[in-house]
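Since this is a predicted model, take the numbers as computed values, not measurements.
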Amino acid sequence: MAHTFSLSAARLFFYYVFNMHLDGLFAMDGSSINKTIRKRAQGSDLTSQRRISHAFFASISLSETKRIAQAHTATVCSLSLDATQQRLLLSAGADTSIHLFDLENTGTIESTQQISAGSGHSSIVSSVEWYPVDNGLFTSASLDHTLRVWDTNTMSEACQFDLEFRVYSHKMSPLGAHALIAAASESSYIRLCDLKSGAFTHSMLAHQSGCIALAWSPQQPYMLASGGDDGSIKLWDIRQTSSVLFGDNPGTNSARNGAISSLLFTGDGQRLVSIGEDGLICTWNTVCPQKPEVSVNSEASTYAKAIPVKAIEVARATTAATDVVFVPGPSGILAVDVYTGEQLARLDGHFAQTRCAVWRPVANELYTGGTDSNIIIWNICETLDAGQTDLRADSWSEADDDF
């Protein structure tokens with residue numbers, strides 16, 4: 001791990017957060033996607049780049065060289081990959097346990113550390129997140145109404161926020177410019193938790209019947225998107241008293257009917273992708289969001305409520321040519337180009353519904369979790385000729401993905 005520490009009090013925890021060394025910020029240069037490739041890609045034909053990118057993602061299949069040992073006894077609700085090294089994977093489950101896996105191990109990868117069922121949260125753990133600039137701590141949220149902060153080294157609790165409602169998801173800005181955690185719950189308000197003070201900073205009245213999905217911009221540290229049970233999508237500048245930059249109110253888009261299950265930005269931050277309970281995948285321009293630029297109506301993304309966690313987690317992979325999202329659903333994982341709406345692949349490996357996905361760019365791997373209690377590894381297995389291989393290399397950018 002990048003840092004090891006032990007916290008005996010919340011006071012020491014807050015000191016650590018704001019005085020740690022930030023060498024984790026620069027660890028992403030170890031990715032196979034580097035600046036030289038990005039520079040070469042800028043001079044390539046976009047259509048050719050996109051074609052090779054599509055072939056690349058269409059070749060994903062189950063890994064034949066390694067697997068994740070089953071650690072949960074119920075639904076895997078959430079996965080999170082550490083951004084500093086892209087090596088450590090967290091999983092959270094309906095069995096209330098949290099597990100950590102070292103992805104550099106080979107063969108069968110066992111859980112190396114865990115918060116056992118019943119020793120932390122008292123109800124379903126709906127989401128788990130690494131602290132974006134250091135893997136020495138992580139956070140989790142639960143239907144037990146709490147959001148908790150954990151010391152990775154000791155797997156002990158350092159801080160706790162009581163939100164008084166079941167928490168569906170929580171997110172931290174990937175830029176690390178502030179220490180605010182946004183929490184979405186069955187309340188109509190988004191709550192912002194401040195790691196510096198250990199208190200709530202403020203609340204934002206967001207949606208009529210609960211907030212489900214959240215996403216921070218990967219380019220602007222104070223821009224936050226939210227999606228509600230009422231089907232609305234809103235974009236916020238959290239520094240403003242009147243925070244709504246735009247709001248898609250219920251009923252304004254007749255093509256969408258139902259709650260927003262997931263949100264994420266494209267790598268450049270200029271588009272917002274929404275996944276609806278009605279099976280609609282939409283791409284919105286954050287500058288002119290009157291109507292979606294792309295809409296994909298897919299049965300694969302229509303989500304059956306197997307457990308009371310309404311949010312699903314969607315993975316994103318970014319290239320110089322496009323962004324591809326991996327959308328969990330009852331009939332597998334659907335890979336979709338967010339700019340064209342083209343469906344690139346349907347991945348079928350779980351014995352039941354999938355709920356969460358995360359892309360590991362350093363190894364070109366996809367990790368998915370489902371209601372079958374399993375975490376599955378997918379990787380690239382395509383065969384390309386020399387010319388296609390060179391062109392594919394030209395299509396990659398150095399952009400980092402959804403952690």
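Judged by distance alone, with hydrogens and angles left aside, the side-chain atoms of His178 form a donor-acceptor pair with the main-chain N or O of Pro221 at under 3.5 Å. Not one N or O on the side chain of Arg148 forms a donor-acceptor pair closer than 3.5 Å with the backbone of Thr139. When atom types are taken as modelled, the side chain of Asn285 and the backbone of Arg271 share no donor-acceptor pair closer than 3.5 angstrom. Looking at Thr283, its side chain never comes within 3.5 Å of a backbone N or O of Val273 through a donor-acceptor pair. Gln343 places no side-chain N or O within 3.5 Å of a backbone atom of Ala345 that could act as its donor or acceptor partner. Formation of a donor-acceptor pair under 3.5 Å by the Asp323 side chain with backbone atoms of Gly267 is found in this model.
For the residue pair Trp378/Ser61, the side-chain donor-acceptor check at 3.5 Å is not satisfied. Using a 3.5 Å distance cut-off with no hydrogens or angles, the side chains of Glu313 and Ser78 do pair a donor with an acceptor. No side-chain donor-acceptor contact under 3.5 Å links Ser53 and Arg51. Side-chain contact, His145 with Asp162: no donor N or O sits under 3.5 Å from an acceptor N or O. Using modelled atom types and a 3.5 Å distance limit, the side chains of Gln113 and His99 yield no donor-acceptor pair. Side-chain atoms of Ser140 and Trp150 form a donor-acceptor pair, as typed in the model, at a separation below 3.5 Å. At a cut-off of 3.5 Å, with distance as the only test, a side-chain donor of Thr322 or Asp337 sits close to an acceptor on the other residue. Side chain to side chain, Ser203 and Arg191 meet the donor-acceptor criterion of an N or O pair below 3.5 Å. With 3.5 Å as the limit, one finds no donor-acceptor pair spanning the side chains of His72 and Ser373. Side chains of His121 and Thr96: a donor-acceptor N/O pair is absent below 3.5 angstrom, by distance only.
Applying the salt bridge (Lys or Arg N to Asp or Glu O under 4.0 Å) criterion to Glu104, with sequence neighbours excluded, gives Arg360.
Taking 4.0 Å as the cut-off between side-chain N and carboxylate O, Lys66 and Glu365 count as a salt-bridged pair. A salt bridge is absent between Lys196 and Asp194; no separation between the charged side-chain nitrogens and carboxylate oxygens falls under 4.0 Å.
The side chain to side chain donor-acceptor pair (under 3.5 Å) test with Arg87 singles out one residue from Asp82, Asp102, Asn105, Asn135, and that residue is Asp102.
If you look at Phe200 and Phe161, their ring centroids are closer than 6.0 Å.
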